[in-house]
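To keep things clear, I will list the structure first and then write my remarks on it.
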Amino acid sequence: MVNAAGTPDLTSRVGSVVLKNPVMSASGTFGYGLEFTPFYDISRLGAVIVKGLSLLPTPGNAPQRIVETPAGMLNAIGLQNIGVERFVRDVVPRLADAGATYVANIYGRTIEEYEEVARRLSGVASLAAIELNASCPNVKEGGIAFGSNPEGLSGLTRRVREATGKPLWVKLSPNVSDIGSVARAAEDAGADAVTLINTIVGMAVDCRTRRPGLSNVTGGLSGPAIKPVALRMVWEACKAVRIPVIGIGGIQSAEDALEFLLVGAAAVQVGTANFRNPNACVEIIDGIRAFLVRERLAHLDDYRGTLRI
Amino acid sequence: MVNAAGTPDLTSRVGSVVLKNPVMSASGTFGYGLEFTPFYDISRLGAVIVKGLSLLPTPGNAPQRIVETPAGMLNAIGLQNIGVERFVRDVVPRLADAGATYVANIYGRTIEEYEEVARRLSGVASLAAIELNASCPNVKEGGIAFGSNPEGLSGLTRRVREATGKPLWVKLSPNVSDIGSVARAAEDAGADAVTLINTIVGMAVDCRTRRPGLSNVTGGLSGPAIKPVALRMVWEACKAVRIPVIGIGGIQSAEDALEFLLVGAAAVQVGTANFRNPNACVEIIDGIRAFLVRERLAHLDDYRGTLRI
Amino acid sequence: MPFRRPRFVNGRILHNGGNGIFYRMEVSIPDRIEFLPGQFAMVSGWPGNDPLLPRPLAIFRAGGARGKGTVEFVYKVVGRGTALLSGLHGGDPLQITLPLGNGFDLGREDRIWWLVGGGVGFSTVFPAAVVLEEQRAAFEVFLGARSRDQLPPREWVPGGGTPGRAHLCTDDGTAGFFGRVTDAVRERMDRLKATERARLSILACGPREMLREIAELAVPLEVPVQASLENHMACGFGVCWGCVTAVRDGEKTAYRRVCKEGPVFDAREVVW
Amino acid sequence: MPFRRPRFVNGRILHNGGNGIFYRMEVSIPDRIEFLPGQFAMVSGWPGNDPLLPRPLAIFRAGGARGKGTVEFVYKVVGRGTALLSGLHGGDPLQITLPLGNGFDLGREDRIWWLVGGGVGFSTVFPAAVVLEEQRAAFEVFLGARSRDQLPPREWVPGGGTPGRAHLCTDDGTAGFFGRVTDAVRERMDRLKATERARLSILACGPREMLREIAELAVPLEVPVQASLENHMACGFGVCWGCVTAVRDGEKTAYRRVCKEGPVFDAREVVW
Ligand SMILES: Cc1cc2nc3c(=O)[nH]c(=O)nc-3n(C[C@H](O)[C@H](O)[C@H](O)COP(=O)(O)OP(=O)(O)OC[C@H]3O[C@@H](n4cnc5c(N)ncnc54)[C@H](O)[C@@H]3O)c2cc1C
Ligand SMILES: Cc1cc2nc3c(=O)[nH]c(=O)nc-3n(C[C@H](O)[C@H](O)[C@H](O)COP(=O)(O)OP(=O)(O)OC[C@H]3O[C@@H](n4cnc5c(N)ncnc54)[C@H](O)[C@@H]3O)c2cc1C
Ligand SMILES: Cc1cc2nc3c(=O)[nH]c(=O)nc-3n(C[C@H](O)[C@H](O)[C@H](O)COP(=O)(O)O)c2cc1C
Ligand SMILES: Cc1cc2nc3c(=O)[nH]c(=O)nc-3n(C[C@H](O)[C@H](O)[C@H](O)COP(=O)(O)O)c2cc1C
Ligand code: FES
Ligand code: FES
């Protein structure tokens, strides 16, 4: 609805979760959200997705953890995090105070751990949803074992679905032959939405020292380099499932975000772009709004999924 | 062997095929090789891999066929080519005259067509090897149907293996969950080498016109953007099979080529880099030689596969 | 010796400047080149791989001596690549592959030539005027632009833009003929005697839409049109098959590489 | 009002020049900042996404007035990012996030300060000298470089490089002390009276190897060392966990973010 000032309506729905706009921060690239408060009011975001949480605090991988690649970067952070207890105790009240819509990204080394983390978060009233990371390539137990085939993903999703009443988003790995069937597996197992893509497994080496660039040898590729792959997979997932699809991968600008919305994404997440420009998310929100004004569209809904083939 | 002038020995073996150096042009980025004769003597290359050949001349996809992406490009050429007959009649004599070591990249819409093309090439004495494209993402019948799972690839490889006595290289798709098992399937079915990676399926759209960037909607991503993914897959393939692995994907410089050799590739192919710099392949050869001199290595073999984990 | 076959050279920028709309860049290259009007170069000069691909630019002028050539380009900033070019300074390096493609065929004697340029398309047709002037051939220039400031500076226009020989057209009427360049061509064509028309040849470069209209106008009158296409290109020298355009091939249509079989095509062949 | 909390600003380059080894760049920014010596900025100024990540640079100086700030960086060209920075001109835009990290703690009274810089590490410790000078605190500067030309220009060195207060060291003996800066520090330490040593604090920035040696030298003598680490960074403000270093956390080791809990660490904590 265009209000008096002619401002288009960016409201976006991810199942039962209503977002004031379609732009969320991607897990692992936004800390616990609070780190951004010097830059802007984080309640302006569609949602904040926090760094992946595990049952216990996790130290993460030894350095070197990041390496730059052409228009991208590899990371092997190894899911360093403060654990779900400290998150609930120290972070949740501050996110709630900040008025942020926020989502907890979770992972476990076992299905039981996933369930336990989900259960622990179920009672957190201000938490909007749980995003199940079934696709971290950087820890042996980080979900990739579950996420790289439809059967594994289905089992995990079903169990976590039963463990929590919170809206459940399942984050998919792009390291698969057929993203459509993986997305369908998540849908069939009760996911409220699928989020994709997580990083693509990659590797860097130094030809002089003859050593890998990352202590973990392989890592996850993110950034503009992967945008074409992400966009294709989001498009395929949108065709494969009826639940909402949240698009991520290489989004740097409002145009990039609009591309994902155009192929059918319900909302988007912005990851690596936050590193170069901490204001990336809010600039993207403003850019989407300006685009809709130029295109004379009152609702983002009038634009979403209107790709002309 | 360092000769009198101290020149390191770059000789590289891909099974029974001996290459004077490890640098080949990648199929589809080098025409039929002859287009490069204004730039340099193509017999300087390890090998020329020609544009994918089919049984009959193929018109290819409607334009728009290419679109640029961050540090990469998408293509959906649709395997436009002159067909195997004209290739043998018009191109082969000129490649042979030029003294080039050359390899025919082939594809078919059916297994029978693959066999037929391979048979037709078997009698071409100067042809060094056949590279079976089981991974073109841009034509429905272009091999991706065969290449995206171990079973399909195994069947195709076995049949073509029986159809020709030429060394058979199988070019793998990166759009799979587990590159190692796909590489093993090719090995078990009789491939003399595996070549990887072909392009990663991607997509681009224009948020203003709301149309896909490519007439084919999806296309294959190549260029520096994919190098980390290619390097990881080549490393995994090297661990999975005993036959030689030929590495491709985003190689632009001697350093990039050395990275693939470091993780174990027998040789490399250079694709998209030829577009920006037609001399890319020979500059890479010179760069590898200079590197070995600096590192005081007499043989490229002393360097290959020496990654320190 | 000047080279005509394509080469990849490392150039160095001598001058690069513009009026905010059009830029003109002179580059020193290792040797003198010989080129045909309508031929082009693939140019890249920015560090890093984003953007990745070189950009095609018509060769506007070439000069220099043995072992010390120069080449000039005229370009308009329309996107990231051309924006990057416009930010380069004298002394900066520039990678160039040139000369590429087939130029215009100016070999036919005793013809009347019309050179039609839409937008920055003039940069492709003006070099033809230089040759025609040398050959003392009769020619007129038609230039189309959205508005006055989008027209090339007068001193670049062959013959200095003498009225009668240079027809300037603007969509908004802020200079010259009020209307599209195709309309100006049509009007002038209507006034042409049949004997003149029989000697007429058109060279055109501009938006595909403009070229199509010129073709629709001229082909039925049997006026030959050489149209220079500006498709997207990856390589520019015929090895990627990315730049194709559909052409008539007997009964069928076939895809021809704009960089290799073109960029100049007989307008009758092209499937517009 | 000057800002101390990190902000992302669009700057514009005022000057950018160097002697081929070190470059100094002054940038105008929308507001004046207040920073602690040792704090840094994340800088990117090139178009395109390759390289993708901003580069961390110590804040060398800051000035200006309300609504009109300036900031200065000193950098060495070591790779693609810094090479791109060195190619920027006055007037070019620059994106900067600043001020970031925890600076040196200069609060302790009546101390003797040694400022140790290896390579371009001087750019991190010199700002501390400015504050110490204002506080009229006693300090000496130790600078290490491979050779004479790798030393910073004399006019940048606090106190103009007065012998006795500035100890210049070169690995090849082409200037000052012949040997590594750590050797110079060790020699000077040996000559120090116990009462002086008790008042000594070291601020150090340079290659990790150098920092480790300084730590091994000073920690057993109970001389506090504040070491500024130069790890690779993606974000610079604590949200990616990419820049960690191992530190002692009781019995265990833990990973701390260099950009957030650092870049200045108590040398006793770091697992070298
Ligand atoms: C043979 C030939 C000669 C040309 N001569 C000139 C010339 O002399 N002066 C001049 O200003 N322009 C010329 N062009 C057009 C010029 O190549 C494009 O304007 C330029 O490539 C755009 O690059 P960009 O990065 O600035 O724009 P982008 O951001 O890439 O795109 C902006 C616009 O430019 C078009 N474009 C992008 N890439 C290409 C490409 N590779 N080829 C063609 N169009 C493209 C797109 O359709 C888009 O509308 C010529 C094109 C060809 C094919
Ligand atoms: C807090 C901090 C303050 C710094 N202050 C200064 C300064 O004032 N002046 C100065 O010249 N340098 C400073 N550095 C180092 C500077 O950031 C690197 O030299 C620069 O990032 C290298 O970028 P490049 O693209 O030129 O090199 P690359 O091509 O990326 O790499 C070349 C070398 O630089 C190192 N390097 C690359 N990226 C980074 C990174 N993100 N962080 C640290 N090291 C990296 C690599 O290990 C490699 O050896 C500082 C680093 C940190 C962490
Ligand atoms: C440094 C880093 C850490 C990440 N950590 C997580 C994580 O904890 N959980 C998760 O689901 N995804 C994680 N991701 C993946 C991102 O959320 C996102 O899916 C991916 O980076 C692609 O988006 P981008 O190209 O916009 O960065 C991480 C990515 C990066 C770069
Ligand atoms: C324009 C274009 C056409 C291609 N055509 C073929 C082909 O015919 N057969 C094939 O096996 N691979 C083809 N490829 C894939 C390349 O050979 C190579 O595997 C891929 O581009 C990755 O390498 P690069 O990043 O160095 O380009 C093509 C790639 C491009 C860019
Ligand atoms: S641009 Fe590559 S064939 Fe024309
Ligand atoms: S650089 Fe991102 S946390 Fe330090």
Side-chain angles (χ1 to χ4, degrees), chain B residues 25-40 50-52 57-82 213-215 219 222-225 227 250 252-253 256 271-280 282-283, chain C residues 3-10 33 41-56 79-81 93-100 208 229-247 249 252-262 270-271:
Chain B
S25 64
S27 179
T29 65
F30 212 74
Y32 298 107
L34 305 168
E35 293 85 346
F36 277 82
T37 50
F39 298 109
Y40 56 83
V50 300
K51 176 70 191 163
T58 303
N61 292 332
Q64 183 72 15
R65 291 181 173 184
I66 51 170
V67 58
E68 202 177 28
T69 68
M73 62 176 281
L74 291 166
N75 88 79
I77 307 300
L79 293 167
Q80 174 164 4
N81 80 94
I82 56 175
L214 298 170
S215 66
S222 67
K227 197 188 72 173
Q252 302 249 106
S253 65
D256 293 337
T272 303
N274 293 301
F275 302 160
R276 182 150 163 188
N277 177 358
N279 293 340
V282 286
E283 288 182 7
Chain C
F3 58 100
R4 297 178 199 204
R5 297 188 79 194
R7 272 208 219 165
F8 175 73
V9 298
N10 285 300
I33 63 159
M42 294 296 281
V43 176
S44 69
W46 45 86
N49 294 301
D50 183 37
L52 178 67
L53 299 171
R55 298 298 193 251
R80 293 178 54 211
L94 199 75
Q95 282 80 51
I96 318 176
T97 307
L98 84 172
L100 296 168
R208 200 173 170 97
L229 302 187
E230 297 204 334
N231 285 28
H232 284 231
M233 293 182 175
C235 70
F237 54 96
V239 300
C240 76
W241 279 275
C243 61
V244 298
T245 191
V247 299
D249 182 21
K252 294 183 301 184
T253 68
Y255 296 120
R256 295 268 189 280
R257 294 166 297 187
V258 170
C259 69
K260 189 85 176 177
E261 282 85 40
V270 178
V271 181

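Chain naming here is simple, since letters A, B, ... match the order of the sequence lines and numbering starts at 1 in each.
Nearest heavy atoms, C/Val258 versus C/Met233: CG1-CE, 3.7 Å. Among all heavy-atom pairs drawn from B/Phe275 and C/Val239, the shortest one is CE2-CG2, 4.0 Å. Across every non-hydrogen atom of C/Trp241 and B/Glu35, the tightest pair is CH2-OE2, 4.4 Å. Contact record, C/Asn49 with B/Arg276: CA-NH1, 4.1 Å, taken as the closest heavy-atom pair.
Of the listed residues C/Pro51, C/Ala246, C/Gly238, C/Ala254, the one with more heavy-atom pairs under 4.5 angstrom with chain B than any other is C/Pro51. In terms of non-hydrogen atom pairs under 4.5 Å with chain C, the most contact-rich of B/Thr29, B/Thr272, B/Asn277 is B/Asn277. Considering only heavy-atom pairs separated by less than 4.5 Å from chain B, the leading option among C/Asp50, C/Val43, C/Thr245 is C/Asp50. Top candidate by heavy-atom pairs under 4.5 Å with chain C, chosen from B/Gly223, B/Gly28, B/Pro278, is B/Pro278.
With a 6.0 Å cutoff to the six-membered ring centre and a 45° limit on the axis angle, C/Arg5 does not count as a cation-pi contact of B/Phe39.
For B/Ala273, no part lies under 4.5 angstrom from a heavy atom of chain C. Of the two parts of C/Lys252, neither the backbone nor the side chain holds a non-hydrogen atom closer than 4.5 Å to a non-hydrogen atom of chain B. For a residue to count as touching a neighbouring chain, one of its non-hydrogen atoms must lie under 4.5 Å from one of that chain's; by this rule C/Arg55 touches chain B with the side chain only. Heavy-atom distances place both the backbone and the side chain of C/Ala234 under 4.5 Å from chain B.
A distance below 6.0 Å separates the ring centres of B/Phe36 and B/Phe30.
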